[in-house]
Amino acid sequence: MAQLLAETADLLEIGAGDPFRIRSYRRAAEAVETTTIQLSTIAGDPKKLQEIPGIGKGMAANIQEIERAGTLPLREELLLKYKPTMLELLRLPGMGPKTVALLWDALQIGSVEELEAAIAAGRLAGLPRFGDKLVEKLRKGIEDYKQNSGRFLIDDAEIAAEKLIAYLLELPGFTTILPAGSLRRGRDTVGDLDILATGPGCAEDKVSAAVEHAANYPPAATMLAKGQNKVSFRLRSGLQVDVRLLPEGSYGAALQYFTGSKMHNVSVRQRALKRGYTLSEYALARVDDGSFVAGATEEEIYAALGLDWIPPELRENNGEIEAAEAHRLPILIEEADIRGDVHMHTHATDGKNSILEMAEAGIARGYEYIAITDHSKNLAMTNGLDDKRALEHVKRIREVDAELEGKIRVFPGIEVDILGDGALDLSDEVLAQMDVVIASVHTLFNQPEQQMTERVLRAIENPYVRILGHPTGRLLLRREPFQMDLTAVLRRAAVLGVAVEHNAFPDRLDLCDRDLRLAKEMGCRIAINTDSHHTSHLTKMRYGIRQLRRAWLSKQDVLNTLPARKFLAALRPRPT
DNA sequence: GCCGTTTTCGGCCCGACTGTTTTCAGTCG
């Protein structure tokens with residue numbers, strides 16, 4: 001529902017519709033996405049629908065129509081005028097609704113493929129605003145887009161996996177059901193979903209009932225294959241799902257095989273051969289007589305090969321096999337190690353909840369502390385705080401902190417913007433009142449490399465800056481490659497004692513295990529934060545933790561595993 | 001298209017930056 005509303009907003013924007021009407025559709029999409037109310041249960045009641053902020057008379061009717069017909073008349077109407085593939089064009093960096101409309105009007109370009117061809121043929125020359133730089137930017141954007149299209153963000157895949165597993169478990173007879181593949185390895189994106197199930201109900205004489213059950217999964221949109229012990233289908237989102245039902249004796253071998261990665265498996269199999277074994281998805285067996293050695297669990301397979309069990313996140317053939325042999329695998333950080341989340345927003349700026357609500361969400365997660373770090377004034381769109389409002393906000397945060405004494409600590413903080421000359425947009429006097437000052441690179445993303453590096457380096461020289469915000473990775477979609485001399489910045493941050501933030505939002509993860517390893521090498525202290533704009537966003541921490549695990553990080557490498565008092569003491573000391 | 005109210009319609013988050021211009025449109029957060 002949210003997607004249909006958001007797409008309608010995009011199409012209206014390409015058609016240069018009323019910007020306020022467009023915003024209404026965006027707001028409604030957001031409201032539908034974040035509401036905790038099960039919309040299908042109140043879809044028949046327009047009054048109830050209109051109680052949701054952002055949903056009025058018109059949107060209530062739209063929601064009812066989507067619920068009834070699965071689509072939206074306005075969207076259908078717009079799609080007669082514009083092609084659905086134009087929505088993909090909007091995902092390219094530097095591409096907005098005006099440019100999409102221009103390409104369509106002038107050259108009938110309505111898809112990424114058509115744009116690619118037009119660039120190759122030099123057909124864009126002469127179009128207003130299309131100089132060499134913009135064309136090159138789009139060319140690179142297309143290259144990037146093609147690498148990631150057809151893949152799904154890990155959180156979407158995980159939610160789909162959890163729902164499917166809950167459904168499968170309704171049939172008795174399963175003992176273990178796990179996702180394998182890149183989801184289990186904690187990659188940023190997954191191509192398809194591999195679900196592996198076992199238990200007495202998967203034994204040879206009983207498996208057909210389990211196959212039927214899996215094939216009857218209601219959200220399955222297209223059935224692709226139904227075999228003896230495997231069911232494949234595609235969900236409405238386009239995500240392909242393979243469910244494999246395995247006898248208990250070979251479950252570990254299958255899990256190992258389907259978890260991958262390919263390179264890891266090649267190495268493990270070579271190692272098996274050297275020892276006179278052969279490893280397949282069914283079992284580890286002797287080469288000479290084919291007799292069974294191991295297969296029920298991954299642990300027994302790795303052990304038979306002289307290896308400690310290797311966490312899936314490390315299975316990339318990056319030295320994990322050698323480390324497992326030497327019993328030197330790191331003890332990876334876990335979600336339970338995190339004691340605080342020190343980057344979040346409230347409705348003072350662009351967050352959706354109050355200070356108290358965010359704090360209560362922190363308590364519910366068992367945190368010992370959080371920091372409220374709303375935006376500063378430069379981010380005008382979010383109603384960012386100026387000096388005066390920032391001080392008032394600090395006062396309110398301290399009041400909530402006092403109110404919740406004994407339950408959680410609430411630190412006052414700010415996510416402060418770096419201006420064009422490397423200065424910060426709030427005064428030092430105000431920053432001095434904050435426990436957590438995050439200087440964020442988020443508005444510098446589109447700048448030339450050297451300029452961006454200089455600005456960030458200058459910004460962290462400000463003695464009140466304690467955390468550098470968002471320097472690792474980059475947004476997965478609609479984002480140019482990261483343009484900053486990260487090595488230079490991390491080296492300076494380490495010297496200054498400025499902690500480096502890793503952002504735990506799933507759509508912001510890409511290549512950041514590489515960046516995180518670099519940060520560790522440089523001696524940086526790392527904090528992992530969700531940048532939550534809603535109480536529900538606090539759960540996103542799990543995806544960031546996976547990222548840290550992929551970078552081989554332990555609890556000791558991460559700052560916010562410390563208890564509250566030690567955490568503050570571990571931050572860069574403030575000038576007295 | 002939503003909201004709040006003045007109950008009938010006006011207001012709705014805005015500033016920096018880039019690449020193209022030669023004064024600004026478009027994108028971004």
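Letters A, B, ... are given to chains in the order of the sequence lines, protein chains preceding strands, and every chain is numbered from 1.
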Atom pairs under 3.5 Å, N or O on each side, protein against nucleotides 14-17 of chain B: can you list them with distances?
from   : atom 1 : to     : atom 2 : distance (Å)
B:dC17 : OP1    : A:G420 : N      : 3.2

Applying salt bridge (Lys or Arg N to Asp or Glu O under 4.0 Å) to A:R466 and not counting sequence neighbours gives none
With sequence neighbours excluded, what pairs up with A:K83 under the salt bridge (Lys or Arg N to Asp or Glu O under 4.0 Å) test? A:E114
Distance check, C1' atoms only: B:dC12 and B:dC17, in whole angstrom units. 25 Å
Any chance you could list the contact pattern along nucleotides 1-7 of chain B? Use B for base contacts, S for sugar-phosphate-only contacts and - for none, protein heavy atoms under 4.0 Å, 5' to 3'. BSS----
Can you tell me which residue pairs pass the side chain to side chain donor-acceptor pair (under 3.5 Å) test with a partner in residues 115-134 of chain A, sequence neighbours excluded? A:T99-A:R129, A:E116-A:K146
Enumerate the residues from residues 114-128 of chain A whose closest heavy atom to DNA chain B is under 4.0 Å, giving them by residue number; use none for an empty result. none
Applying salt bridge (Lys or Arg N to Asp or Glu O under 4.0 Å), can you list everything that pairs with A:E88, at least two apart in sequence or on another chain? none
Expressed as a whole number of Å, how far does the P atom of B:dC14 sit from that of B:dT8? 28 Å
Whole-Å distance separating the CZ atom of A:R129 from the P atom of B:dT21: 10 Å
Which donor-acceptor pairs under 3.5 Å do the side chains of residues 487-501 of chain A make with protein atoms, sequence neighbours left out?
from   : atom 1 : to     : atom 2 : distance (Å)
A:R492 : NE     : A:E461 : OE2    : 2.7
A:R492 : NH2    : A:E461 : OE1    : 3.3
A:R492 : NH2    : A:E461 : OE2    : 3.2
A:E501 : OE1    : A:H343 : ND1    : 3.4
A:E501 : OE1    : A:H470 : N      : 3.2
A:E501 : OE2    : A:H343 : ND1    : 2.7
A:E501 : OE2    : A:N529 : ND2    : 2.8

Between B:dG1 and B:dT5, how far apart are the two P atoms, rounded to whole Å? 23 Å
Interatomic distance at P, B:dT22 relative to B:dA16, whole Å: 24 Å
For A:R525, what residues pass the salt bridge (Lys or Arg N to Asp or Glu O under 4.0 Å) criterion, not counting sequence neighbours? none
d(A:L79 CG, A:T85 OG1) to nearest 0.5 Å is 9.5 Å
Hey, which of these two, A:T99 or A:N383, hits DNA chain B nearer its 5' end, going by closest nucleotide? A:N383
Considering residues, nucleotides and ligands other than A:E136, do more than 12 of their heavy atoms fall under 6.0 Å from its CD? yes
Could you tell me how far apart A:R91 (CZ) and B:dT27 (P) are, to the nearest whole angstrom? 13 Å
Residues two or more places apart in sequence or in another chain: which of them pass ring-ring contact (aromatic ring centres under 6.0 Å, His included) with A:Y369? A:F411, A:F567
Using Watson-Crick or G-U wobble geometry with both distances under 3.5 Å, which nucleotide pairs with B:dT8? none
In whole angstrom, give me the gap between the P atoms of B:dG10 and B:dG15. 24 Å
Under 4.0 angstrom, heavy atoms only, what part of the nucleic acid is A:D132 near: base, sugar-phosphate, or nothing? sugar-phosphate
Tell me whether A:E143 is salt-bridged to A:R139, with the criterion being a basic N under 4.0 Å from an acidic carboxylate O. yes
Between B:dT27 (C1') and A:L89 (CG): distance, integer Å: 15 Å
Between B:dT7 and B:dC2, how far is it from one C1' atom to the other, in whole Å? 16 Å
How long is the line joining CG of A:L102 and C1' of B:dT20, in whole Å? 13 Å
Residues that A:Y145 engages under ring-ring contact (aromatic ring centres under 6.0 Å, His included), provided they are two or more places apart: none
Within this structure, what is the NZ-to-C1' distance between A:K98 and B:dT20, rounded to whole angstrom? 16 Å
Can you list everything that forms a side chain to side chain contact (heavy atoms under 4.5 Å, CB included) with A:D45? Sequence neighbours excluded, please. A:K47, A:K48
